[in-house]
Amino acid sequence: GAVVSQHPSRVICKSGTSVKIECRSLDFQATTMFWYRQFPKQSLMLMATSNEGSKATYEQGVEKDKFLINHASLTLSTLTVTSAHPEDSSFYICSARQGPDTQYFGPGTRLTVL
Amino acid sequence: QKEVEQNSGPLSVPEGAIASLNCTYSDRGSQSFFWYRQYSGKSPELIMFIYSNGDKEDGRFTAQLNKASQYVSLLIRDSQPSDSATYLCAVATSGGSYIPTFGRGTSLIVHP
């Protein structure tokens, strides 16, 4: 299957700081990438759909000014959590779409905000 | 509202048995169906996808799709303790820009 990387895998930061997470498709081009958040023992929650060269589409209830998404190339999307607070601590997972419908997930980033 | 339903489990099966995981979906226009495996603390991993009614086999895994009844299942033959994980069902449609809707997942425990 296709390979998607995510960096960093784990980050601990102080409240009020911003954190950038990178998602890369390593062996294919992805015009569409997705960002999810998952709390412990909870299901995946889609945050936004990221399309190369255009603005991201955010799901209802997700603050676009807090979760900045940039999809600058066909292989890279970034999620920046601005002014992070402890309630933003979660497991953030990106995925990249190959073909019309198949998603491959990155390994995830565990964010802890102190 | 598109819905994908899975029994949260846990489903407990002995090693060597067949594990049967089920998923129902509400959108009759759904076209693409996926099964992902997620180990605790890890991200989901694609196991199988299926588009047409019937069975699709890949090694110990068989996906079964019945569009008339709006269900898709995953069978795991000769279950191993390493198969213990949460299995996520995902469904997508062209009308939804192929953005999949995920079920909450079924926890599978394979005990020795």
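All chains are named by letter (A, B, ...) in the order of the sequence lines, taking the proteins before the strands, and each is independently numbered beginning at 1.
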Partner chain A: residue of B:Ala92, B:Gly105, B:Pro100 with the largest heavy-atom pair count (under 4.5 Å) | B:Pro100
Kindly check if the number of other-residue, nucleotide or ligand heavy atoms within 6.0 Å of NZ (B:Lys67) is above 12?
-> yes
For residues B:Glu45 and A:Phe105, determine if any side-chain heavy atom of one lies less than 4.5 Å from a side-chain heavy atom of the other.
-> no
Should B:Val13 and B:Trp35 be counted in the same cluster of Ile, Leu, Val, Met, Phe, Trp and Tyr side chains packed under 4.5 Å apart?
-> yes
Checking B:Arg104 side chain against A:Leu44 main chain: does a donor-acceptor pair fall under 3.5 Å?
-> no
When clusters are formed by joining ILVMFWY residues with side-chain heavy atoms under 4.5 Å apart, either directly or through shared neighbours, do A:Val11 and A:Val113 land in the same one?
-> yes
Would you mind checking which part of B:Leu46 comes under 4.5 Å of any heavy atom in chain A, side chain (CB onward), backbone (N, CA, C, O), both or neither?
-> side chain
Decide whether B:Leu75 and B:Val110 are clustered together by the hydrophobic rule: side chain heavy atoms of Ile, Leu, Val, Met, Phe, Trp, Tyr closer than 4.5 Å, transitively.
-> no
In Å, rounded to the nearest 0.5 Å, how long is the span from OG1 of A:Thr102 to CZ of B:Phe49?
-> 5.5 Å
Is it the case that more than 12 heavy atoms not belonging to A:His7 sit under 6.0 Å from its NE2 atom?
-> no
With sequence neighbours excluded, give me every ring-ring contact (aromatic ring centres under 6.0 Å, His included) pair touching residues 68-94 of chain A.
-> none
Quick one: which residues of residues 30-40 of chain A reach chain B at under 4.5 angstrom, heavy atoms only?
-> A:Phe34, A:Tyr36, A:Gln38
Pull out the residues in residues 45-69 of chain A that come under 4.5 Å of chain B, heavy atom to heavy atom, sorted by number.
-> A:Leu46, A:Thr49
If every non-hydrogen atom of B:Ser43 is compared with every non-hydrogen atom of A:Gly106, which pair is closest and at what distance?
-> OG-O, 2.5 Å
A:Ser43 and B:Gly103 have their tightest heavy-atom pair at CB-O, 4.5 Å
Are B:Val72 and B:Ile47 connected in the hydrophobic side-chain network, where two residues link if heavy atoms are under 4.5 Å apart?
-> yes
Spell out, yes or no, whether B:Phe34 and B:Ile50 are grouped together once hydrophobic residues are joined by side-chain heavy atoms under 4.5 Å, including indirect joins.
-> no
Is there a side-chain contact between A:Ile93 and B:Gln38 (heavy atoms, below 4.5 Å)?
-> yes
Residues, nucleotides or ligands: over 12 heavy atoms within 6.0 Å of A:Arg110 CZ | yes
B:Tyr25: ring pair (Phe, Tyr, Trp, His ring centres under 6.0 Å) partners, not counting sequence neighbours | B:Phe33
Main-chain N/O of A:Asp101 paired to B:Ser32 side chain as donor or acceptor, under 3.5 Å = no
